[in-house]
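Chain identifiers are assigned alphabetically (A, B, ...) following the order of the sequence lines, protein sequences preceding nucleic acid strands; residue numbering begins at 1 within each chain. Below, all heavy atoms of this structure are taken into account, side chains as well, without hydrogens, waters or symmetry copies.
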Amino acid sequence: MTGARFVDVEVRRPDLRTAFPRRFAARLKGQTVERLDRRAKYLLAVLSSGDTLLMHLGMSGSFRVGDPSPPGRHDHVVFHMSSGAIVTFNDPRRFGVMDLLTPRQLAAHPTLSRLGPEPLSAAFNASVLARACRGKKTSLKAALLDQRVVAGLGNIYVSEALHVARLSPQRQASTIATASGAPRPGAVRLAAAIKQVLQEAVARASKARYRGGRFRVYDRAGERCRHTNCAGVIAQRTQTGRTTYYCPVCQK
DNA sequence: ATTGAGACCTGTCGGC
DNA sequence: TGCCGACAGGTCTCAA
């Protein structure tokens, strides 16, 4: 898509999680994609008009490249690019998002403008994490799922990171910081663990043969804890509506 | 202001 | 084999 123009845009279902803006297709047509970017779990295509195409996969969204004809039941948007590429957005549950923002709307976006730091950037470290958790009465699990604390962690990698850091998901978030917001050892381990599990995930996903589904604790209830010298068994429980997996023995 | 519960929607899977 | 409830990787809104 990068460097290519939108020749045609088919909107087959304009009702994803949010309604499409008026004249969505018309505003896209003729625009060139200057660059593709990402912020947290949002995909952004910066256009020659200055507008930004904002996309989110929700729980079940995906893009594929290739002629979709005949289009599938959940093929909601089809981009026909001047490069010849045909890019189709498919999303059975329709929790995804497709929006077109002016520079002003982008800068003032209610969600984007409040996102926390990118976890793999230098802007995210133990000090930043500790400060964000200072005074939080909620659990570490809920704090890490809060996109304002750190951007882009989802249910799987929160469990994964807490296991690597050996921190209990039920532990109160404020306990990784001192009263003044300085990092305690747990914050140092957790910030490093978050970077580690995400780097590993990106590396694995980049390999064509990757099948997915192999995690340290996620979806492994009843299996042995993989930390060396830990005799624990992975447990699962529900926290704020989401399933958490953890080792009750080594995660404190 | 912070927090947790419920809602949004469809597909899949396990149990009967 | 078929039906039915429970659950799924994410936000958003609302009310306590």
N/O (side chain, [X]) to phosphate O (OP1/OP2, [N]) under 4.0 Å:
{"X": "A:Y157", "N": "C:dG9", "result": "no"}
{"X": "A:R242", "N": "C:dA8", "result": "no"}
{"X": "A:H74", "N": "B:dC9", "result": "no"}
{"X": "A:R17", "N": "B:dC9", "result": "no"}
{"X": "A:T243", "N": "C:dC7", "result": "no"}
{"X": "A:H56", "N": "C:dG10", "result": "no"}
{"X": "A:R93", "N": "C:dG10", "result": "no"}

Subject >> Any residue of residues 135-155 of chain A with a heavy atom less than 4.0 Å from an atom of DNA chain C >> reply: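 Output list: A:Q147, A:G154, A:N155.
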Original post:
Is A:R94 side chain donor-acceptor paired with the B:dC9 base, going by distance under 3.5 Å alone?
Top reply: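 No, no donor-acceptor pair under 3.5 Å.
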Give every donor-acceptor pair under 3.5 Å between a side-chain atom in residues 182-192 of chain A and any protein atom, sequence neighbours left out.
residue, atom, partner, partner atom, Å
A:R184, NH1, A:A177, O, 2.6
A:R189, NE, A:A165, O, 2.8
A:R189, NH2, A:A165, O, 3.2

Side-chain donor/acceptor pairs under 3.5 Å, residues 14-25 of chain A, sequence neighbours excluded:
residue, atom, partner, partner atom, Å
A:D15, OD1, A:R13, NE, 3.0
A:D15, OD2, A:R13, NH2, 2.8
A:D15, OD2, A:R94, NH1, 3.4

Using the 3.5 Å cut-off, write out each protein N or O paired with an N or O of nucleotides 14-16 of chain C and the distance between them.
none

**OP:** For DNA chain B, produce a single dot-bracket line, 5' to 3'. Pairs: Watson-Crick or G-U wobble, both distances under 3.5 Å. Symbols: ( ) within strand, [ ] crossing, | other strand, . unpaired.
**Re:** .|||||||.|||||||
Original post:
Considering residues at least two apart in sequence or located in another chain, which fulfil the side chain to side chain donor-acceptor pair (under 3.5 Å) criterion with A:H74?
Top reply: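 By the side chain to side chain donor-acceptor pair (under 3.5 Å) rule, A:H74 matches no residue at all.
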Original post:
With a 4.0 Å cut-off on heavy atoms, is A:T18 in touch with a base, just the backbone sugar-phosphate, or nothing at all?
Top reply: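 Touches nothing.
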**OP:** Would you check if A:F95 stacks with the base of C:dT11, given a 5.5 Å centroid limit and a 30° plane limit, both strict?
**Re:**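 No, aromatic ring not over the base.
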